[in-house]
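Computed from a prediction, not measured in an experiment: that's the story for all the values here.
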Amino acid sequence: MIIGVSGTPGTGKSTVAAIVARRLGGVHIDLSRLVLEKGFYVDYDRERGSYVVDEERVRRYLSEEARSRLVVLDSHYAEIAPR
């Protein structure tokens, strides 16, 4: 199962996601950090100053993680998580 905590930057998503994951015995994943650490991007958009996420690779990774444990996803684009 994946629970997505989404919202505007700076509103407390990480704090809430970490608390929920801890209380429910799951793992908290910061999606932006995951994308950078695992290289789940296809390009860097210099004009916008951001990476272009490889959504399919992210979905595959999250699906695999969610098979064995609860995942609490923290992101302003949590809708990319598999259903």
Heavy-atom pair of closest approach, residues Ala78 and Gly4:
CB-CA, 4.2 Å
Any [X] side-chain heavy atom under 4.5 Å of [Y] side chain:
X	Y	result
Val58	Leu31	yes
Leu70	Ile3	yes
Ile80	Val53	yes

For [X], which residues count as a side chain to side chain contact (heavy atoms under 4.5 Å, CB included) partner, sequence neighbours excluded?
X	value
Thr11	Thr8, Lys13
Arg22	Ile19
Tyr51	Leu36, Tyr41, Tyr44

Between atom CZ of Phe40 and atom CZ of Arg60, what is the distance when rounded to the nearest 0.5 Å?
8.5 Å
Nearest-0.5 Å distance that lies between atom CD1 in Ile2 and atom CG in Leu62:
5.0 Å
Co-membership, hydrophobic cluster, residues Met1 and Tyr61, 4.5 Å side-chain:
no
Can you tell me which residue pairs pass the side chain to side chain donor-acceptor pair (under 3.5 Å) test with a partner in residues 71-80, sequence neighbours excluded?
Ser14-Asp74, His28-Asp74
Sequence neighbours excluded, the answer for salt bridge (charged side-chain N to carboxylate O under 4.0 Å, His left out) partners of Arg67 is Glu64
Do any pairs count as a salt bridge (charged side-chain N to carboxylate O under 4.0 Å, His left out) and have a residue in residues 25-47, sequence neighbours left out, and if so which ones?
Asp45-Arg48
